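Worksheet: one structure, shown below.
Counting starts at 1 for both ligands and their atoms, following the listed order. This is a predicted model, so every value here is computed, not measured.
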Amino acid sequence: MLPTEEVPFAAVGRSWRARRARAEDVLLDVARCGRPADAVLAASAAHLAREQQIGGYEAEAEANAMLDASRNRLGVLLGMPGAQVEFLDSGTNAMAALLRAWPWRGGMRVGIPASEFASTRMALDRIARREAIELVTLPEDLWGRIRLDDAAALMREPMGLDLLVLSHVPSQRGIVQPIEALGEIAAATRTAIVLDVCQSLGHVPVPDVGAGAAVGTARKWLHGPRGVGFVALAPRLGDHLDAWPTLQTHRFTAMGYERAEETPLLETAEAAVASRVGLAAAVAEHDAIGHESILDHLRQVGRLTRLCLADVEPWRLREPVEEPTALITLDPPSQRELGQALTALRRVGIRAGHVPCGRSRDHHTAVLRIAPEPSADLGWIKMVVRVLESASRAG
Ligand SMILES: *Cc1c(COP(=O)(O)O)cnc(C)c1O
């Protein structure tokens with residue numbers, strides 16, 4: 001039985017859609033890349049025009065107040081008010097820059113789930129070899145959620161853990177990790193946390209878990225431009241990081257070089273500033289519609305989508321129906337049928353996503369991913385159901 005109720009808070013979806021004059025088709029793959037609002041395009045274009053008029057550095061100086069306001073706002077949205085937010089070009093590189101700069105000591109132990117984003121895991125594997133640190137797997141339940149009692153035991157045992165690295169919401173499974181409870185245990189055991197919010201910021205509430213740092217990206221649930229990622233550093237974490245030296249961050253001294261004061265640590269100095277301005281505009285658009293309203297709306301859209309998809313045999317939902325996310329993944333009956341379904345959806349104007357195997361160390365088969373835009377309505381979702389049903393019948 002498909003639900004007949006309309007998506008609640010439909011005004012959120014309408015407002016979101018009205019801000020995108022050129023958007024074609026139906027996009028159900030925000031987890032890969034969202035679609036920026038007209039205001040985001042306009043802000044980026046205006047910045048480029050300013051670069052032409054007065055020069056890039058001067059234009060950047062003019063944009064700094066707007067960029068700083070969005071740094072502050074991102075810190076608040078991340079549950080890290082007062083954090084130092086720095087811009088890089090992607091979530092991947094923001095995480096890599098942070099981990100490269102982390103104050104490693106030989107023998108440190110880092111807890112990480114087997115489901116962790118592959119680029120993060122590979123960066124840590126490389127660091128583990130060079131710095132003689134140890135990676136410890138955080139056990140997960142059948143849905144891929146970290147088991148709190150096991151994690152607590154690992155953090156409390158005499159060796160303990162020095163750091164947890166984890167994604168709040170993974171990209172190949174739409175579950176929410178229990179980061180609030182993990183944060184409490186981490187605080188009690190003096191375990192630092194590095195949180196990946198690439199799939200959660202702008203999508204689900206990000207609680208204050210006392211994270212040392214958080215890493216995100218602009219183009220997914222914030223619907224910002226491509227090519228911008230960010231890292232938020234808790235106050236004073238910067239004093240402990242050993243960031244890669246450049247002439248923007250360090251100065252020569254008689255002894256060699258040292259950190260320059262009051263400069264960013266990890267931020268790339270040379271950048272497409274117009275894209276950062278675009279992110280600032282995307283954050284402003286998000287707030288104009290209303291942060292809480294968007295999150296509430298997406299949770300309802302996700303719930304309705306899962307209700308609709310729960311009984312589409314032989315596709316298998318990979319999350320509980322009530323999981324509070326709008327990132328829905330399904331195991332296909334076969335890889336061939338996954339390909340057929342994606343093509344059939346494309347034919348009716350729906351761009352769904354798929355996550356190829358290898359997204360994490362424990363991810364061995366491609367899955368279908370439905371990550372709806374806020375404007376998704378029940379009609380689209382039922383269309384997905386019909387296409388999956390007939391793809392399976394045809395196969
Ligand atoms: C997309 C994603 C990243 C990487 O972000 P990019 O901006 O694509 O480099 C990291 N972690 C998770 C969970 C992601 O979904």
> Does any pair with a residue in residues 68-85 pass salt bridge (Lys or Arg N to Asp or Glu O under 4.0 Å), and if so which ones, sequence neighbours excluded?
Replying inline: D68-R71, R71-E267, R73-D287
>> Quick one, H291 with H286, criterion side chain to side chain donor-acceptor pair (under 3.5 Å). Give me CA distance, side-chain angles, the key distance, then yes/no.
In response: CA-CA 6 Å; H291 178 64; H286 183 83; 2.8 Å; yes
>> Closer than 4.0 angstrom, basic N to acidic O: yes or no for E131 and R100?
In response: no
> Do R306 and T325 meet the criterion of a side-chain donor-acceptor pair at a distance under 3.5 Å?
Replying inline: yes
>> Ring-plane angle category for H203 and W221, please: parallel below 30°, perpendicular beyond 60°, tilted otherwise.
In response: parallel
What does the contact table look like for ligand 1 (nitrogen or oxygen on each side, cut-off under 3.5 Å)?
residue: ligand 1; atom: 7 (O); partner: G91; partner atom: N; Å: 2.8
residue: ligand 1; atom: 7 (O); partner: T217; partner atom: OG1; Å: 2.7
residue: ligand 1; atom: 7 (O); partner: R219; partner atom: NH1; Å: 3.0
residue: ligand 1; atom: 8 (O); partner: R219; partner atom: NH1; Å: 3.2
residue: ligand 1; atom: 8 (O); partner: R219; partner atom: NH2; Å: 2.8
residue: ligand 1; atom: 9 (O); partner: G91; partner atom: N; Å: 3.3
residue: ligand 1; atom: 9 (O); partner: T92; partner atom: N; Å: 2.8
residue: ligand 1; atom: 9 (O); partner: T92; partner atom: OG1; Å: 2.5
residue: ligand 1; atom: 11 (N); partner: D196; partner atom: OD1; Å: 3.4
residue: ligand 1; atom: 11 (N); partner: D196; partner atom: OD2; Å: 2.5
residue: ligand 1; atom: 15 (O); partner: Q199; partner atom: NE2; Å: 2.9
residue: ligand 1; atom: 15 (O); partner: K220; partner atom: NZ; Å: 2.8

>> When you compare the side chains of S115 and E140, does any donor N or O come within less than 3.5 Å of an acceptor on the partner?
In response: yes
